[in-house]
Amino acid sequence: MGNRVKRVRTDISELEMNAAIISAWKKLFHEPPTKEQVSLIMAQNSLETGHRKNMWNFNVGNITTDGKGSYNFFDDLTTDEQTSPGHWEKSNLKYRAYSSLEEGVLDYLLFLSKNKRYGKAWGHIINPNPEEYSKALKSAGYYTADEKPYTKSLVGLYNK
């Protein structure tokens, strides 16, 4: 069972995030990612964490947990979660916590690439397509936000 840890802001730069993605990708897949693959991961990280200004405990994708696995977690973050279009509820969620940026990026890549639930989404990272990636994440339950604005934001960030 994971341990509850203090929520700590982990404000990192775009360059640090970019380098961490490339390093983790090489470590896991034994080849460098394409510029487009890095751009798509960077876009989702920016969307999920407010350009890394609201990233906590190196959780680059805001991955939640039930607290029963081996991951450390923090759960003092109450958020507004969209439970259906136009309907929001306060939720106190548990989020995975990591001790380093490298650990957070490695887990994010493993979470998406090895979890059958996100197989279709992972395919849109391998062959980058931000619109289809967003749709696949939504259909797999990765995010609860309204799909249209999430997708529009992700595509805009990817194209920057």
Side-chain angles (χ1 to χ4, degrees), residues 1-81 91-130 132-134 136-145 150 153-154 157-158 160:
M1 180 169 211
N3 297 312
R4 183 182 311 239
V5 298
K6 180 181 177 185
R7 179 171 61 119
V8 177
R9 185 183 306 270
T10 49
D11 187 10
I12 61 162
S13 72
E14 184 174 337
L15 289 175
E16 290 171 307
M17 186 67 206
N18 193 57
I21 292 167
I22 292 168
S23 175
W25 190 286
K26 287 178 181 178
K27 187 176 278 188
L28 290 174
F29 308 117
H30 310 291
E31 63 183 21
T34 66
K35 178 184 173 187
E36 294 79 13
Q37 290 166 332
V38 173
S39 294
L40 186 50
I41 295 166
M42 288 288 295
Q44 188 190 17
N45 168 255
S46 291
L47 179 58
E48 287 285 341
T49 65
H51 300 277
R52 292 157 304 283
K53 299 299 178 203
N54 291 304
M55 186 164 67
W56 307 98
N57 301 69
F58 299 107
N59 189 332
V60 301
N62 277 337
I63 301 171
T64 58
T65 182
D66 60 8
K68 296 177 183 169
S70 61
Y71 293 97
N72 289 334
F73 65 91
F74 62 91
D75 69 348
D76 60 344
L77 185 59
T78 300
T79 60
D80 291 323
E81 289 291 312
S91 294
N92 192 320
L93 300 174
K94 292 176 176 66
Y95 290 86
R96 292 184 183 184
Y98 308 96
S99 58
S100 69
L101 178 59
E102 178 183 31
E103 185 183 338
V105 175
L106 282 168
D107 188 56
Y108 169 82
L109 292 175
L110 285 169
F111 181 78
L112 291 173
S113 66
K114 302 297 183 196
N115 189 326
K116 290 179 184 180
R117 179 177 176 183
Y118 300 109
K120 190 171 182 181
W122 181 249
H124 297 300
I125 288 179
I126 297 301
N127 299 298
N129 183 325
E132 293 303 316
Y133 178 60
S134 178
L137 287 175
K138 177 66 174 180
S139 68
Y142 187 96
Y143 66 88
T144 60
Y150 189 100
S153 294
L154 185 66
L157 291 164
Y158 175 80
K160 278 190 174 177

Go through the structure and list residues passing ring pair (Phe, Tyr, Trp, His ring centres under 6.0 Å) with Y142, not counting sequence neighbours.
-> Y118
Report yes or no: does S46 contribute a side-chain atom to a donor-acceptor pair with the main-chain N or O of A43 at less than 3.5 Å?
-> no
Does N57 reach the main-chain N or O of K6 with its side chain, forming a donor-acceptor pair under 3.5 Å?
-> yes
All side-chain contact (heavy atoms from CB on, under 4.5 Å) counterparts of S153, not counting sequence neighbours = L47
Which atom pairs, donor and acceptor, lie under 3.5 Å between side-chain atoms of residues 119-130 and protein residues at least two apart or in another chain?
residue: N129; atom: OD1; partner: E131; partner atom: N; Å: 3.3
residue: N129; atom: OD1; partner: E132; partner atom: N; Å: 3.1

Of all residues at least two apart in sequence or in a different chain, which pass the side-chain hydrogen bond (donor to acceptor under 3.5 Å, both in side chains) check with N18?
-> none
Do any side-chain atoms of residues 20-32 form donor-acceptor pairs under 3.5 angstrom with protein atoms, and if so which ones, sequence neighbours left out?
residue: K27; atom: NZ; partner: E102; partner atom: OE2; Å: 2.5

Is the side chain of T10 donor-acceptor paired with the backbone N or O of M55 at a distance under 3.5 Å, no angle test?
-> yes
Can you list the steps and then say if L101 with V60 is a side chain to side chain contact (heavy atoms under 4.5 Å, CB included)?
-> CA-CA 8 Å; L101 178 59; V60 301; 3.9 Å; yes
Please, which pairs that meet salt bridge (Lys or Arg N to Asp or Glu O under 4.0 Å) have at least one residue in residues 10-20, sequence neighbours excluded?
-> D11-K53
Would you confirm whether N59, through its side chain, and R96, through its main-chain N or O, come within 3.5 Å as a donor-acceptor pair?
-> yes
Considering residues at least two apart in sequence or located in another chain, which fulfil the side-chain hydrogen bond (donor to acceptor under 3.5 Å, both in side chains) criterion with N45?
-> R52
Just do the side chain to side chain contact (heavy atoms under 4.5 Å, CB included) check on Q44 and Y133 with the steps written out, would you?
-> CA-CA 10 Å; Q44 188 190 17; Y133 178 60; 2.7 Å; yes
Under 3.5 Å donor-acceptor, K94 side chain and T64 backbone = no
Could you tell me which residues satisfy side-chain hydrogen bond (donor to acceptor under 3.5 Å, both in side chains) with E103, sequence neighbours excluded, listed by chain and number?
-> S99
Side-chain donor/acceptor of Y143 to backbone N/O of S134, under 3.5 Å = yes
